[in-house]
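Have a look at the structure below, then the notes.
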Amino acid sequence: MPDSHRYTAELANHIEPAWQSRWAELGIDRQPNPGEEGFDASKPRYYCLDMFPYPSGAGLHVGHPEGYTATDIICRYKRMKGFNVLHPMGWDAFGLPAEQYAIQTGVHPAETTRTAIDNFRRQLQRFGFCYDWSREFGTIDEDYYKWTQWIFLKLYDSWLDTDRGDHGAGRSIDELITEFESGDREIRFNPDAAEIPTHLKSQSYDDWSSLDAGVQRDIIDSYRLAYIGEQTVNWCPKLGTALANEEVIDGKSERGGFPVFRKPLRQWMLRITAYAERLLFDLDGLDWPESTLTQQREWIGRSEGAEIDFEIADPPMGVDSTLLRVFTTRPDTIFGATYMVVAPEHPLVDAVLADPRETTDAAALREYVEWARNRSDVERLEGKEKTGKPTGLEAINPATGQRIPIWTADYVLAGYGSGAIMAVPAHDQRDFEFAQEFELPIRDVVYPVQVAAMAHFAAHAPDDTVAGDWRNALADLLGLVTARGSTPADFDSLLAVATSRRRASGNAPDGKAERRGAISGEWLDTVRSLEVETFDEFAELFRDAAYYEAEGGAFSGTGRLVNSSNTQVSLNGLTIPEAKGATLKWLEHSGVGRRKINHKLRDWLFSRQRYWGEPFPIVYDDQGRHHPVAESALPITLPPMTDYKPEVSDEPKPLLAKATDWIRTTAADAHAVGLDPDAKVTRESNTMPGWAGSCWYHLRYTDPANNAAFAGPDAESYWLGEGPNREPGVDLYVGGAEHAVLHLLYARFWHKVLYDLGYVSSNEPYRKLYHQGLILSHAYQRADKSLVPVDEVEERGENNPVETATGEPVTQIIAKMSKSLRNVVNPDDVIAEYGADTFRLYEMYMGPLDQQKPWDTRAIGGMFRFLKETWRLVIDEDTGAPRTTDTADESLKKLLHRTTEKVGGDIERLAFNTAIAAMIEFKNAAQAIEKQAAEKQAGTAALTADQIDRLMRLLAPFAPHLAEEVWHRLGLFDARGPVHTQAWPTFDPAMLADDEIEIPVQIMGKVRGRITIPADADTKTMEQLALADDRIAELLANKTVRKVIAVPKRMVNIVAN
RNA sequence: GGGCCCGUGGCGGAACUGGCAGACGCGGCGGACUUAAAAUCCGCUUCCCGGUGACGGGAGUGGGGGUUCGAGCCCCCCCGGGCCCACCA
């Protein structure tokens, strides 16, 4: 114990670890499960989850404790409010960085990861976070990844039955086979399987038992949620692995920023696209940040349209089909399709290269296709100029009957739709640019009617009025009407508004405005010729017209169809929505096309060619067919290896393939299902991606030691299910916004599959989500925008930072913390200097939790002072004894009730900064009272023992150690136990309001005086009091009071002139 | 190019539903203590004008307009910044 009883860093660093061990001894953070000793079923549940960290060798960053302190405060508060609180922590420990570190150092990643975990745990525990450490686990623990593998087997053994529920439901593969056998289900390949060629999907088979076993197997595999697909993936040679779409940012790997190339590969895929609609529509019920919901919606990228089959005029040999299938959201423009484009990866391109037409420049085509296929994504993103080559093939436009050329171009993506489009250059900007580049024909089929209307107006307008004036007038009008929030019922009233407005402002010397009003009859005729009925429609037309005039190019606005008729259908004169309907009807009737919903979301590439991940519970027989491993044989552990270096190569070589003894085994040894025990098998040598472990950790926390299941049903349903006083899903999930699509989408997918299969009791894993903002740092920038490390800058005078070496002035900016800028803050250093309580308080006080904010080393002192002064208020610094008074100050009494209400309310809405501000205000008020008292009698305390008791309970979630120490010194720890197990203080609503309040009196909206009124004064009383005020009466002396607005408890406003 | 979010003192921010703009903290200035500095304590601190002064007047939440008795908050246009997506037919 330090000699003095002052609150110093030394004292904080003494009491904090001491209380941490005491709490651990008492087990106050242990939350029992239902059925366990000490579980109280009468309490409501609160499951509060932090995104678990990836334990890097660098240790904790200041960003980690931000979210963790926030959840710690909420959990302590909820616990004091009488909840059963589940607040766990663990480690997301498989992944690339550990492996790359292993490559550099030669130390096994398990070893470095365990060291990093120990360091992370020590750092987190030093903050005093109230995690239930008895539930801790890492994704690398064998008894954890055993269940990750188990879930993979469930995905492997499941399919999505699209007939169940609104958007399908997962079921077991056995049930599918039963339905095929019994004839209850049409026997065919999965029509939604992206990896199955179109011609196979259109077939159907009569009798299951008579089918060849290989065909049966292929059909079944096409339904599995985990399947092997050969498709174009993101190949990163530097990392030696393929990556998921979500892991590629701007054409570079998310980890490391290395270039990524597209490459066809045979890999494990998860059929997340089957759940696209569920993942989209279920977002509606979630309490998530709007930006994250939007990102997920956009990533899923639903679009409604049609698929249309174009006949290939003279198909090359060896094509699967003589039809070229396209997806379009604009089937109404089919008469405008003047050419077609297929992706360079499209099978038709290979077919034509093998069997070129007379018109094909095969050499040029081959060269282009190879160039396009091997182009890295970065290169692709750089130049968006259109490139392409004709295939020499032609297709027949089913609407016009015309032969149109088929091109290949890389602006058409292989992975979306069918990798082929009908190009309508008149109404799609990309097609327009391509058509211009290669001089392809453009055929207008949608006529923008407003262009005609404007031309009409220009023709009929008075000589000195041009269409531009008309447009300006309308622009004003749009603003006016929209601002009013009302929409004129018809255009006569619209016009009336316009006319009166023009007249009212018609003081222009040349009388021009007057004339504008006078042409209103013309407007009306023009507007009527547009045949629109609502104001919104009108506004849209106007904006489209303005765009069309300004931009040129393809017209994608509102209009009516022209040039669109054949012997079977005529779209002429129809609006776009009408034309879409008519086209679809005709397409479906003639069998050339049908309605189709497409998603941007692709299936999830699940194989990584790396070492440090979960092995797949899969083996291959000598035919190369995959077989699952028995559940009883899990976990499949990683073989020991010493060399983790990937070969930098264009061909993927899984690292585990080097472990030949492990790879080559027998069915019996591997516990493969359904194979002869002596059969030679090869283990899957890929590993799962880092995301696998984080997809279900929220489930494992509910029952982490369970050996019989990933979680026991009672524990799982209590913590995640719906109940009398609980809603389904994790009650609060806090973590970084960088996971908006990746982890959060994957975890939702797994959770939904497990829900469908009856293993979990909530449809969604995380009901409420919150993102903490990034903690940034200050940095300096030279005039040329280059950055200067902070230690190479000095302040010369006020707000005048200069670069030490050159003396050149630099500007202070806000940037991410980085080693190169030498502005990284190490949490251990801050704790040594101020203690954990100050650190916690500072990070919570910086600003709103979800906002990014710069770290300001100087400002930490403010929070340290707050704690120090609070301490001094209640503890005698000479003796260390509590300082109390017997008589409570009236105003402080009230303020404490108000503070109690404010702090509780602010915690509920995660506004910790204002909660702390309220406590500082209370401290300031108490200090002022103490000073007053000291003038009469030295050494007088401000607070009663009861008030300190309450104050410490308020402070406990924020500064748990200081609160406990004061609590202890008051003798309350011995009498009632730790402050953290006490009830949250209550407040008396009667104490919140004053009897009398001071309110402002305004004249014409400006504050001119103040009056004191009874708090419950009605508007009449307030008005009388206001008018009776001397100063107000004086100011109103020569004025007539027109109106008085009095708002109870707020203000009085007098309208007078 | 598209979407989402945000612009408030020297700085971080507060103002929860349209009702006293700038709570609280940092920094700064002045003072006390000290040989001195640090630490600590006290006072002031949006800007401009007037007054020795308690005070009075004016402007003010990126800019312009609108709605309202009243706008940081609602509506329209513009400017600036951030994040995400990006040839998805």
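Letters go in sequence order (proteins before strands), and every chain restarts at 1.
- For the pair A:Lys386 and A:Phe434, the cation-pi test (distance below 6.0 Å, angle within 45°) is failed.
- Within 6.0 Å of atom CZ in A:Arg872, more than 12 heavy atoms from other residues, nucleotides or ligands are found, so the atom counts as buried in its surroundings.
- Summarising the base pairing, B:rG70 is matched to no nucleotide, lacking a Watson-Crick or G-U wobble pair whose two defining distances lie under 3.5 Å.
- Comparing the P positions of B:rG9 and B:rU67 gives a spacing of 27 Å, expressed to the nearest Å.
- Counting any heavy atom pair closer than 4.0 Å across all strands shown, A:Glu877 reaches no nucleic acid atom.
- Under 4.0 angstrom from either OP1 or OP2 of B:rA89 there lies at least one side-chain N or O belonging to A:Tyr416.
- With B:rC4, B:rC20, B:rC24 as the choices, the nucleotide that has an atom nearest any side-chain atom of A:Pro1000 turns out to be B:rC20.
- Listed nucleotides: B:rA21, B:rC24, B:rA89. Nearest to the side chain of A:Phe327: B:rA89.
- Taking atom P on both nucleotides, B:rC16 is separated from B:rC6 by 15 Å, rounded to a whole Å.
- When both distances must be under 3.5 Å, the Watson-Crick or G-U wobble mate of B:rU61 does not exist.
- The 5' end of RNA chain B is approached more closely, in terms of each residue's nearest nucleotide, by A:Asp906 than by the other of A:Asp906 and A:Lys1043.
- A salt bridge does not link A:Glu843 with A:Lys853: every distance from a Lys NZ or Arg NE/NH1/NH2 to an Asp or Glu carboxylate oxygen is 4.0 Å or more.
- Under 4.0 angstrom from either OP1 or OP2 of B:rG25 there lies at least one side-chain N or O belonging to A:Asn924.
- Figure legend. B:rA38 is base-paired to no nucleotide; pairs are counted as Watson-Crick or G-U wobble with both atom distances under 3.5 Å.
- Taking atom C1' in both B:rG12 and B:rU17, the straight-line distance is 26 Å, to the nearest Å.
- Base-pair partner of B:rC4: B:rG82 (Watson-Crick or G-U wobble, both distances under 3.5 Å).
- Projected onto RNA chain B by closest heavy-atom contact, A:Lys902 and A:Val1047 fall at different nucleotides, the more 5' of which corresponds to A:Lys902.
- Under 4.0 Å is where a charged nitrogen must lie from a carboxylate oxygen, and between A:Arg898 and A:Glu921 no such pair does.
- For the residue pair A:Asp332 and A:Thr583, no side-chain donor N or O sits within less than 3.5 Å of a side-chain acceptor on the partner.
- Closest to the A:Pro848 side chain, of the nucleotides B:rA86, B:rA14, B:rC20, is B:rA14.
- Among the protein residues, A:Glu433 comes within range of no part of the nucleic acid, since none of its heavy atoms lies under 4.0 Å from any strand.
- The nearest whole Å value for the distance from the CD1 atom in A:Ile1013 to the C1' atom in B:rG19 is 13 Å.
- Taking side-chain N and O atoms only, A:Ser303 has a distance below 4.0 Å to OP1 or OP2 of B:rA89.
- Taking atom P in both B:rA71 and B:rG64, one finds a spacing of 15 Å when rounded to whole Å.
- Here A:Ile421 lies in heavy-atom contact (under 4.0 Å) with a base.
- The aromatic rings of A:Phe839 and A:Trp855 sit tilted relative to each other, their planes meeting at an angle between 30° and 60°.
- At a threshold of 4.0 Å, the pair A:Glu304-A:Arg595 does not count as salt-bridged, since none of the basic side-chain nitrogens sits closer than that to a carboxylate oxygen.
- Under 4.0 angstrom from either OP1 or OP2 of B:rG18 there lies no side-chain N or O belonging to A:Arg1050.
- For the pair A:Arg1008 and B:rG58, the criterion of a side-chain N or O lying under 4.0 Å from OP1 or OP2 is met.
- Atom pair A:Lys923:NZ and B:rC41:C1' shows a separation of 12 Å (rounding to whole Å applied).
- In this structure, A:Gln295 atom CD and B:rC84 atom P are separated by 8 Å, rounded to whole Å.
- Among the protein residues, A:Asn1053 comes within range of the nucleic acid bases, having at least one heavy atom under 4.0 Å from a base atom.
- If you take CZ of A:Phe866 and C1' of B:rC26, they are 16 Å apart, rounded to a whole angstrom.
- Across all strands, A:Met1051 comes closer than 4.0 Å to base atoms (heavy-atom distances).
- A:Arg6 comes within 4.0 angstrom of nothing in the nucleic acid, heavy atoms only.
- Contact annotation: A:Lys868 reaches the phosphate of B:rU40 (side-chain N/O to OP1 or OP2, under 4.0 Å).
- Between the C1' atoms of B:rG10 and B:rG22, the separation comes to 14 Å (whole Å).
- A donor N or O paired with an acceptor N or O is found under 3.5 Å between the base of B:rC20 and the side-chain atoms of A:Arg1010.
- Using a 4.0 Å heavy-atom criterion, one finds that A:Ala859 contacts the sugar-phosphate atoms exclusively.
- For the pair A:Asn913 and B:rA14, the criterion of a side-chain N or O lying under 4.0 Å from OP1 or OP2 is met.
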